[in-house]
There are 2 protein chains.
Amino acid sequence: MGLVERRIRERENRKNAILKAARRLFFENGFRTVTIESIAKKAELSKGSIYLYFKSKEEIYTQILLNDIDKFHEHFTDLLQNPTSASEALIRFAGIYVDLFLNDRELFRILMTFMLHTTTMNLPEELNNHIIKSTNKNISVIEEIFRYGIERGEFPPTINLRLSRNALWGLLNGIISLHLFTGSESRRAEMIRSTIKAGLEIYILGLKNQEQPNG
Amino acid sequence: MGLVERRIRERENRKNAILKAARRLFFENGFRTVTIESIAKKAELSKGSIYLYFKSKEEIYTQILLNDIDKFHEHFTDLLQNPTSASEALIRFAGIYVDLFLNDRELFRILMTFMLHTTTMNLPEELNNHIIKSTNKNISVIEEIFRYGIERGEFPPTINLRLSRNALWGLLNGIISLHLFTGSESRRAEMIRSTIKAGLEIYILGLKNQEQPNG
DNA sequence: TGACCAGCGGTCATATAGTGACCAAAGTTC
DNA sequence: GAACTTTGGTCACTATATGACCGCTGGTCA
């Protein structure tokens with residue numbers, strides 16, 4: 001309610017306004033194409049003012065991505081709270097994953113590109129680490145679902161967790177990225193979803209029927 | 001949507017925040033008691049900043065009153081749109097008038113004090129003129145109602161408009177001010193309203209039955 | 001291939017907004 | 001009427017905002 005609080009609050013608001021403006025631009029046009037000038041214009045500020053809140057274009061971009069990645073993971077927290085079957089959980093996981101990326105194509109592009117050539121991207125250190133952690137988290141969610149499936153007898157206990165999990169992860173990302181850069185915009189979401197669904201069902205069926213070495 | 005617009009908008013917002021803060025303080029405590037410091041605090045600004053938007057304490061006060069007086073008159077505009085009887089209109093007029101002042105006691109205090117000793121108050125010239133105009137407007141609203149009453153045969157055509165109108169105006173203000181500065185806070189509104197109602201009814205009855213010199 | 005150019009990230013001198021210690025004057029206390 | 005307090009208003013200083021400008025980069029073309 002005081003004077004200092006007001007100034008902090010206003011500074012925070014302005015910073016958020018910049019981030020909000022920048023986010024839209026980045027996610028519509030990508031890092032390279034977006035100019036500081038355009039961010040400033042959208043945020044109703046001058047170019048110089050941007051640098052009162054961020055030290056570089058890269059920093060803006062980084063902060064947005066870090067924030068997005070964190071929000072992203074919040075969506076998975078209650079995935080195994082009301083557990084139906086593991087198959088169901090996998091399908092729900094895939095659904096959430098696809099939806100998020102349909103809404104945040106730039107984020108997906110970053111993460112995919114990162115996976116493809118980690119070293120050459122030279123993103124800021126902080127972002128690098130965050131992406132690695134993020135990917136690991138995603139994979140471990142899948143792994144958890146697998147464990148749950150084995151526990152309740154849905155999947156054979158003999159499946160190779162690491163391999164199965166990585167394959168599924170690859171399946172998801174592969175399908176998404178395939179469709180994200182080809183085909184018509186209008187039917188894209190539908191195409192991705194149905195392809196993922198089909199792919200997953202086949203994959204799950206395979207898992208369930210995987211030969212049991214000792215059975 | 002541009003940069004200049006944003007700055008103008010923000011300046012306007014800040015000014016309004018100051019006025020809003022000041023208004024509450026003035027109308028709770030009166031001009032003298034309120035300090036610039038307290039206004040600044042409520043508006044979450046420093047004292048010096050207030051002077052970036054207003055040149056004096058008096059100017060703040062003046063702007064608030066001018067604004068309030070204008071808003072005040074807006075309430076009377078549709079009083080004679082759906083005309084019932086003139087008596088009804090007078091009662092409605094009185095009701096609105098009382099309500100407004102119950103919500104804005106400082107304004108009433110100013111206007112009454114002004115009527116009592118116009119010359120000694122030395123308010124800013126602009127405010128002075130505005131108050132005079134305001135009073136005239138109020139009185140002419142009453143006069144209009146009277147005319148309407150005569151037209152439709154509710155009041156005798158022989159009544160002295162000027163006298164009747166001024167007496168009614170005095171009646172209203174007298175009753176309000178009487179109660180405003182005496183009695184308990186809790187029952188004040190009720191007391192004023194019922195007293196006004198009774199007084200008006202008597203007054204109207206008198207008008208209607210006023211002897212007609214040539215009838 | 002290298003001269004030229006356009007575009008953009010980032011800087012900086014300048015302008016505007018905000019702050020609070022300070023002052024003069026007016027009021028209050030004793 | 002001296003000592004003290006209170007407060008409207010000022011001003012030197014700080015923080016925030018602006019946009020012309022600079023240097024670098026990547027592309028173009030002779």
Side-chain angles (χ1 to χ4, degrees), chain A residues 1-26 28-65 120-124 127, chain B residues 1-26 28-65 120-124 127:
Chain A
M1 304 264 272
L3 191 153
V4 180
E5 287 91 330
R6 194 211 86 225
R7 300 196 77 179
I8 292 172
R9 202 174 60 227
E10 283 181 358
R11 190 177 169 79
E12 212 58 36
N13 287 345
R14 184 124 300 167
K15 207 174 166 181
N16 285 334
I18 296 171
L19 284 174
K20 190 179 166 191
R23 192 174 179 283
R24 263 195 62 185
L25 291 171
F26 279 139
E28 274 165 7
N29 311 306
F31 183 78
R32 297 289 300 279
T33 333
V34 174
T35 67
I36 291 284
E37 187 66 43
S38 69
I39 295 174
K41 197 176 173 191
K42 206 175 195 80
E44 293 179 306
L45 284 167
S46 69
K47 191 160 79 161
S49 300
I50 301 293
Y51 289 90
L52 296 170
Y53 297 90
F54 301 94
K55 72 180 207 302
S56 68
K57 183 178 167 183
E58 196 179 59
E59 195 197 336
I60 301 177
Y61 192 63
T62 302
Q63 289 209 13
I64 292 173
L65 285 182
T120 58
M121 275 193 82
N122 80 333
L123 295 173
L127 185 51
Chain B
M1 304 266 270
L3 191 152
V4 179
E5 287 91 330
R6 195 210 83 226
R7 299 195 79 177
I8 292 172
R9 202 173 61 226
E10 283 181 359
R11 189 178 170 81
E12 212 56 38
N13 287 344
R14 184 124 301 166
K15 205 174 168 183
N16 286 334
I18 295 171
L19 285 174
K20 190 179 168 191
R23 193 174 179 284
R24 262 194 63 185
L25 290 171
F26 280 138
E28 274 165 9
N29 311 306
F31 183 77
R32 299 289 300 282
T33 333
V34 174
T35 66
I36 291 285
E37 186 66 43
S38 70
I39 295 174
K41 198 176 172 191
K42 207 176 193 77
E44 294 179 308
L45 284 168
S46 70
K47 191 161 79 160
S49 300
I50 301 293
Y51 289 90
L52 295 170
Y53 297 89
F54 302 94
K55 73 180 204 303
S56 68
K57 182 177 167 182
E58 198 180 59
E59 196 197 335
I60 300 177
Y61 192 62
T62 302
Q63 289 210 12
I64 292 173
L65 285 182
T120 58
M121 274 193 84
N122 82 333
L123 295 172
L127 185 50

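Each chain gets a letter, A, B and so on, in the order the sequences are listed, and its residues count up from 1.
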Closest non-hydrogen atoms of A:E44 and B:G2, given as atom of the first, atom of the second and distance, are OE2-O, 3.2 Å
How many whole angstroms separate atom [atom1] of [X] from atom [atom2] of [N]?
X: B:I39; N: D:dT7; atom1: CD1; atom2: P; answer: 12 Å
X: A:E44; N: D:dA17; atom1: CD; atom2: C1'; answer: 14 Å
X: B:L45; N: D:dA15; atom1: CG; atom2: C1'; answer: 14 Å
X: A:K41; N: D:dG19; atom1: NZ; atom2: P; answer: 12 Å
X: B:I8; N: D:dA17; atom1: CD1; atom2: P; answer: 16 Å
X: B:F54; N: D:dG8; atom1: CZ; atom2: P; answer: 15 Å
X: A:E12; N: D:dT16; atom1: CD; atom2: P; answer: 12 Å

**Asked** Is there a side-chain contact (heavy atoms from CB on, under 4.5 Å) between A:L19 and A:F54 once you walk through the steps?
**Response** CA-CA 10 Å; A:L19 284 174; A:F54 301 94; 3.7 Å; yes
Handout entry: Any donor-acceptor pair under 3.5 Å from A:T62 side chain to A:E58 backbone
Key = yes
Counting only N and O atoms by type, is there a donor-acceptor contact under 3.5 Å from the side chain of B:T33 to the main-chain atoms of B:N29?
yes
Detail all sub-3.5 Å separations between protein N/O atoms and N/O atoms belonging to nucleotides 9-17 of chain C.
from   : atom 1 : to    : atom 2 : distance (Å)
C:dG9  : OP1    : A:V34 : O      : 3.1
C:dG9  : OP1    : A:K57 : NZ     : 2.7
C:dG9  : OP2    : A:I36 : N      : 2.8
C:dG9  : N7     : A:K47 : NZ     : 3.3
C:dG10 : OP2    : A:Y51 : OH     : 3.0
C:dG10 : OP2    : A:K57 : N      : 2.8
C:dG10 : N7     : A:K47 : NZ     : 3.4
C:dG10 : O6     : A:K47 : NZ     : 2.3

Is B:S49 close enough to C:dT19 that one of its side-chain N or O atoms is under 4.0 Å from OP1 or OP2 there? yes
Taken in chain and number order and not counting sequence neighbours, the residues that satisfy side-chain hydrogen bond (donor to acceptor under 3.5 Å, both in side chains) with A:E10 are A:R6, B:R14
Next on the checklist: Can you classify the ring geometry of A:F26 versus A:F31 as parallel (below 30°), tilted (30 to 60°) or perpendicular (above 60°)?
Outcome noted: parallel
